[in-house]
Amino acid sequence: MKLAIEARSLLQAEGDVLVVGGYAEESRLAPAVAALDRALKGLLSEVVRAEKFEGKPEQIAYVHTAGGLPAKRVLVVGLGKRREVDAERVRRAAAAALRRARDLGAKIVSIALLGDGLPPKVSAQALAEGALLGAYTFDRYKREKNEKAVDELRVVDPKGRQEAAIKDGLRLGELFAGATCFARDLVNEPANRVTPTHLAKVAEQIAKDGRLRVKIYDRADCQKLGMGAYLGVAQGSQEPPKFIHLTYVPRDRARRKIAIIGKGITFDSGGLDLKTADGMRTMKDDMSGAAAVLAIMRSLPALGLPLEVHGLIAATENMPSGTAQRPGDIVRALNGTTIEIGNTDAEGRLTLADAMAYAVKEVKPQEIIDLATLTSAIVVALGNLCSGVMWNDKPLADRVLAAAEAAGERMWPLPLIDEYKELLKSDVADLNNVGPRGGGALTAGIFLREFAGSTPWVHLDIAGTAFTEKDLPLGPKGGTGVGVRTLLTYLMEEARRQ
Ligand code: BES
Ligand code: ZN
Ligand code: ZN
């Protein structure tokens, strides 16, 4: 879908569908929409009334203009109450409107800058994100593809005065949505295709296209580095592990050095502590953190931020076999910590432990952010629409939470209660990799915290949000690409900070 700006009034806008916004609890149409209604001799207001259009978020009513206007149809999309309108309302309205326009067979769609009162750049970005995320599909393995697609979205700028801001917003929206869809594709691809080797190839391609540095460590390299926790997980699989280190170095001097780490289990069977059939069904999504990291690293050259960003992924499968790690085994992580394997299905924290220890020792970043489909306990706590946030540094967590809010991704803080460290005690090693069932997301976070040392660190548990089993306002069933927009927003904000 091509994005463009059109400096003309709504009355002059062309296209197969012209999208405008409608507010709830307002008896009259907004002035610009009322002008369209007059041109249509009251048809629009009549249909709005007859269809009981109340301006509720994402509600839709439309009319054929039959020559009354240059646009072939006018589609009104609900934005809810005027004073409640924010970027997320605009995203969802744009997504709903574009899906409907697509299903109507529209090729060219004109759209008003939805959400009066928002800065034009914010509206434009939200509009582009909503349109592109809402139209996402994954059908490359299906004979029957959705042939309908909108080719061009034209944002109408009646005053023609906001062109620069709208252009900036559209560019960012396109970038954010493109990155999110890149992550979605990687998650939706099955585990027989997305292996650790495949992730390494994707990283190499990203490096080549964007002039990033890339280093891929194979099993022997990881052994030399002392990544016993990571390799213990990898030893049960026929697929060779790949530890991925991507680096973005800005042209100008970097203000800060940030490491982002993604859990990269390309399939989680549970290992010898085998999952149930149902528990395994969606475990191709256990590399969603890695997908987000790759998507973010891929976007950095276009953003050109004055930050040095390191993307780290300890990619492996978690499989049961004659060579698999056993419950009761003891492994030694890169930082020397010994770990008793209480459960082979708590593998993510083992791979992340070595990735974090590697970051601290080899990268020495000012901060570490990890994204991981880490625990089913976070799903119990927060469900499928909210990710969990844990940290060893409150100011850093506050900045990430603020970025999540701006990006429209729900994230909520959880406490890493010091006393719970007791729950990870082992009789034979420094740590056990599991605690009791209660507080499972927190003990996982506390386990990870041990490997951050004194580096400020934030952990995002995306186990509930990385994959959706029902269609959502901003995307269909499957991988969601969660975390990408939050961290891109975060990095942009960091770049602006003194
Ligand atoms: N990958 C899973 C967590 C998960 C569960 C992600 C559901 C997405 C949806 C993780 O490796 C795991 O199996 N965790 C176990 C840990 C337990 C054995 C301590 C869990 O949370 O059940
Ligand atoms: Zn697991
Ligand atoms: Zn897992």
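Note that these values count all heavy atoms, side chains included, but never hydrogens, waters or copies made by symmetry. Ligands are counted one by one from 1 in listed order, and the atoms in each one are counted from 1 as well.
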Lys275, any N or O under 3.5 Å of ligand 1 N or O: yes
Output yes when the distance from some N or O of ligand 1 to some N or O of Asp285 is under 3.5 Å, and no in every other case.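 No - when backbone and side-chain N and O of Asp285 are compared with those of ligand 1, no distance drops under 3.5 Å.
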Nearest-contact summary for [atom] - protein heavy atom, Å:
atom	result
atom 20 (C) of ligand 1	Ser376 OG, 3.1 Å
atom 12 (C) of ligand 1	Asp345 O, 3.1 Å
atom 16 (C) of ligand 1	Arg349 NH2, 3.9 Å
atom 19 (C) of ligand 1	Val434 CG1, 3.3 Å
atom 7 (C) of ligand 1	Met283 CE, 3.7 Å
atom 6 (C) of ligand 1	Ala463 CB, 3.6 Å

Numbering the atoms of ligand 1 from 1, which are under 4.0 Å from a heavy atom of Glu347? 11 (O)
Suppose I only count heavy atoms of Asp268 and a 4.0 Å limit; which atoms of ligand 1 are within that range? 1 (N), 2 (C), 10 (C), 11 (O), 13 (O)
May I ask you to decide if Arg89's main-chain N or O and Asp86's side chain share a donor-acceptor pair within less than 3.5 Å?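 Here the side-chain-to-backbone pair exists.
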Distance flag, aromatic centroids of Tyr217 and Tyr358, threshold under 6.0 Å: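 Yes: the rings meet the under 6.0 Å criterion.
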Aromatic plane relationship, Trp457 with His459 - under 30° parallel, 30 to 60° tilted, over 60° perpendicular: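 Taking Trp457 first and then His459, their aromatic rings lie parallel (interplane angle under 30°).
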Hey, is the Zn ion (ligand 3) within less than 2.8 Å of some N/O/S atom on Gly348?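 Short answer: no, not a single N, O or S atom is under the cut-off.
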With the Zn ion (ligand 3) as the reference point, give the N/O/S atom of Glu347 that is nearest.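 Considering only N, O and S atoms, Glu347 comes nearest to the Zn ion (ligand 3) through OE2.
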A side-chain contact here means heavy atoms from C-beta on lying under 4.5 Å apart; do Ile261 and Val293 qualify? no
Just to the nearest 10 degrees, tell me the angle at the Zn ion (ligand 2) spanned by Asp268 OD2 and Asp345 O. 170°
